[in-house]
Amino acid sequence: MNIGQAAKASGISAKMIRYYEDTGLIGPVARTDAGYRVYGPRDIHTLGFIKRSRDMGFSVERIGELLALWRDRSRHSADVKRMALEHVQVLQQRIAELQDMVQTVQALANCCAGDERPDCPILRDIETGVPLHDASTLPAPFGGAAAAKRAR
């Protein structure tokens with residue numbers, strides 16, 4: 001099958017398939033006399049493995065390691081489990097960072113009047129990088145005592 005068909009069968013865009021080939025995640029595929037890529041069932045199976053790994057959030061580097069372990073029939077499952085548990089820690093850290101972002105944006109939205117006035121604590125926070133609870137340390141146009149009071 002050609003790259004378009006492989007993309008459809010694997011759920012990976014043709015552009016990403018080329019990228020995975022360029023980075024070595026998938027080996028060079030067969031080509032027609034005209035130079036078009038030709039993908040077989042084994043290639044599609046490998047692309048499915050890559051897609052599932054990406055869906056789980058593994059980096060391209062880690063997917064390369066997983067592919068090597070997947071292909072190595074003498075692998076130790078302990079090595080795969082170690083990688084999975086390391087990845088769980090990375091995901092938990094990302095979740096914590098996202099939760100912090102949600103709390104920050106929610107707090108900013110709660111402090112915004114959302115009316116016709118141009119004063120906006122959301123834009124002010126993005127501009128200054130000073131959290132609302134520290135707004136009293138800003139010059140009057142950006143915060144001052146009134147902004148600190150609103151943040152409470």
ask   = How many angstroms lie between NE2 in His87 and OG in Ser53, if you round to the nearest 0.5 Å?
value = 9.0 Å

ask   = In Å and rounded to the nearest 0.5 Å, what is the CG to CZ distance from Leu108 to Arg124?
value = 9.5 Å

For [X], does the [atom1] atom sit with more than 12 other heavy atoms under 6.0 Å from it, leaving out its own atoms?
{"X": "Arg117", "atom1": "CZ", "value": "no"}
{"X": "Arg52", "atom1": "CZ", "value": "no"}
{"X": "Arg42", "atom1": "CZ", "value": "no"}
{"X": "Glu97", "atom1": "CD", "value": "yes"}

Single-linkage hydrophobic cluster [X]~[Y], side-chain heavy atoms < 4.5 angstrom:
{"X": "Tyr20", "Y": "Tyr36", "answer": "no"}
{"X": "Val80", "Y": "Phe49", "answer": "yes"}
{"X": "Val90", "Y": "Phe58", "answer": "no"}
{"X": "Val38", "Y": "Ile12", "answer": "no"}

request  = Could you give me the CA-CA distance, side-chain angles and deciding distance for Asn110 and Gln106, then say whether side-chain contact (heavy atoms from CB on, under 4.5 Å) is met?
outcome  = CA-CA 6 Å; Asn110 291 344; Gln106 184 65 60; 2.9 Å; yes

key: Least distance between heavy atoms, Ile44 atom then Ala9 atom   = CG2-CB, 4.1 Å

Any donor-acceptor N or O pair under 3.5 Å, side chains Gln93, Gln89 = no

ask   = What residue among Asp22, Ile50, Leu47 forms side chain to side chain contact (heavy atoms under 4.5 Å, CB included) with Ile17?
value = Leu47

ask   = So Lys51 and Met16, side-chain contact (heavy atoms from CB on, under 4.5 Å) or not? Walk me through it.
value = CA-CA 10 Å; Lys51 180 169 184 350; Met16 288 307 297; over 6 Å; no

